[in-house]
Amino acid sequence: QTDNTTAMARKISIMVPCYNEQDSLPLFYDELGKIMQDEKLSAYDWELLFINDGSRDNTLAILKYLHEKDNRVSYIDLSRNFGKEKAMLAGFDYVTGDCMIIMDADLQDPPELIPDMLKLWEEGNE
């Protein structure tokens with residue numbers, strides 16, 4: 001039997017490819033914050049990795065601000081737009097979590113589903 005209070009926290013990496021997301025990033029970050037602060041999920045460490053895929057708006061400035069205010073946030077700034085799939089490939093080399101969730105910043109993928117996904121993962125699903 002394992003004592004969960006002394007077990008190392010498992011890290012969840014959330015990878016978010018971004019292209020011109022200045023309008024949705026603050027709301028997306030706030031919604032993720034609610035999930036990460038949920039006491040049912042307090043056993044996890046969190047990592048948010050944003051990949052700026054050559055955005056031409058203020059996406060990069062917002063990512064820099066989020067990184068400064070929250071040490072769980074990191075970002076990769078690609079030199080130009082390579083497309084979502086290549087942006088995700090770039091992120092694969094940098095995530096450090098025990099599992100990774102890929103989400104769109106436009107809230108097309110509701111962060112509210114993260115607890116259900118983690119439950120399934122803990123049950124052995126990939």
Side-chain angles (χ1 to χ4, degrees):
Q1 185 174 3
T2 308
D3 181 0
N4 288 336
T5 59
T6 59
M8 263 179 85
R10 296 176 84 177
K11 184 187 274 186
I12 309 303
S13 296
I14 299 179
M15 185 171 64
V16 186
C18 300
Y19 180 69
N20 295 338
E21 303 288 353
Q22 71 180 13
D23 294 334
S24 60
L25 271 175
L27 180 58
F28 177 77
Y29 175 79
D30 288 345
E31 291 299 311
L32 277 181
K34 292 174 190 173
I35 301 301
M36 294 185 298
Q37 292 174 1
D38 185 327
E39 66 182 55
K40 295 178 202 161
L41 303 176
S42 64
Y44 295 113
D45 287 332
W46 297 90
E47 168 184 62
L48 307 178
L49 176 62
F50 294 89
I51 295 89
N52 182 38
D53 189 20
S55 296
R56 295 182 177 157
D57 63 0
N58 288 320
T59 295
L60 181 58
I62 294 168
L63 294 177
K64 287 179 178 180
Y65 169 75
L66 293 175
H67 173 71
E68 288 174 14
K69 83 175 210 171
D70 186 341
N71 64 3
R72 299 171 297 186
V73 173
S74 58
Y75 62 90
I76 298 169
D77 184 30
L78 300 179
S79 61
R80 65 174 178 83
N81 180 258
F82 288 92
K84 181 179 180 178
E85 290 76 18
K86 292 202 181 193
M88 290 186 303
L89 282 173
F92 290 156
D93 290 334
Y94 292 92
V95 293
T96 62
D98 297 297
C99 82
M100 177 180 60
I101 299 170
I102 302 172
M103 302 192 80
D104 290 335
D106 63 3
L107 294 169
Q108 183 176 353
D109 305 317
E112 300 83 37
L113 295 178
I114 291 173
D116 293 334
M117 289 192 286
L118 292 176
K119 181 178 183 293
L120 291 169
W121 174 63
E122 292 287 0
E123 291 171 355
N125 294 283
E126 290 185 9

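Side chains are part of it too, since the values below use all heavy atoms of this structure and drop only hydrogens, waters and symmetry mates.
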How long is the gap from [atom1] on [X] to [atom2] on [Y], to the nearest 0.5 Å?
| X | Y | atom1 | atom2 | value |
| --- | --- | --- | --- | --- |
| I14 | L32 | CD1 | CG | 5.0 Å |
| D53 | L60 | CG | CG | 12.5 Å |
| L66 | S74 | CG | OG | 11.0 Å |
| R80 | D77 | CZ | CG | 13.5 Å |
| I35 | K40 | CD1 | NZ | 10.0 Å |
| L25 | I62 | CG | CD1 | 5.5 Å |

Determine whether [X] and [Y] make a side-chain contact, defined as any pair of heavy atoms from C-beta on separated by less than 4.5 Å.
| X | Y | value |
| --- | --- | --- |
| L41 | M36 | no |
| Y19 | N81 | yes |
| R10 | W121 | yes |
| N52 | I76 | no |
| L118 | I12 | yes |

Original post:
Would a distance-only check, ignoring hydrogens and angles, find a side-chain to backbone donor-acceptor pair under 3.5 Å from D57 to Q22?
Top reply: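 Checked: pair present.
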
So if you build clusters from Ile, Leu, Val, Met, Phe, Trp, Tyr with side-chain heavy-atom gaps below 4.5 Å, do [X] and [Y] land together?
| X | Y | answer |
| --- | --- | --- |
| L48 | Y44 | yes |
| V16 | W46 | yes |
| L63 | V73 | yes |

Subject >> Under the salt bridge (Lys or Arg N to Asp or Glu O under 4.0 Å) test, residues paired with D45 that sit two or more places apart >> reply: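 Partners of D45 under the salt bridge (Lys or Arg N to Asp or Glu O under 4.0 Å) test: none.
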
**OP:** Would you sort out whether K119 and E122 count as a salt bridge (charged side-chain N to carboxylate O under 4.0 Å, His left out), showing the intermediate values?
**Re:** CA-CA 5 Å; K119 181 178 183 293; E122 292 287 0; over 6 Å; no

Original post:
Is it the case that E21 and S24 place a side-chain donor and acceptor less than 3.5 Å from each other?
Top reply: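 Yes, side-chain donor-acceptor contact under 3.5 Å.
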
Original post:
Under the side chain to side chain contact (heavy atoms under 4.5 Å, CB included) criterion, do Y29 and K69 qualify, and how do the steps go?
Top reply: CA-CA 12 Å; Y29 175 79; K69 83 175 210 171; 3.6 Å; yes

**OP:** Sequence neighbours left out, what passes ring pair (Phe, Tyr, Trp, His ring centres under 6.0 Å) with Y75? Give chain and number order.
**Re:**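 H67.
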
Name every donor-acceptor pair, under 3.5 Å, that has one atom in a side chain of residues 87-107 and the other anywhere in the protein, sequence neighbours excluded.
residue: T96; atom: OG1; partner: K11; partner atom: NZ; Å: 2.9
residue: T96; atom: OG1; partner: E47; partner atom: OE1; Å: 3.4
residue: T96; atom: OG1; partner: E47; partner atom: OE2; Å: 2.9
residue: D98; atom: OD2; partner: K11; partner atom: N; Å: 2.7
residue: D104; atom: OD1; partner: K84; partner atom: NZ; Å: 2.8
residue: D104; atom: OD2; partner: K84; partner atom: NZ; Å: 3.3
residue: D106; atom: OD1; partner: Q108; partner atom: N; Å: 2.9

**OP:** Answer yes or no: are there more than 12 heavy-atom neighbours, outside Y65 itself, under 6.0 Å from its atom OH?
**Re:**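 It does not: Y65 OH has 12 such atoms or fewer within range.
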
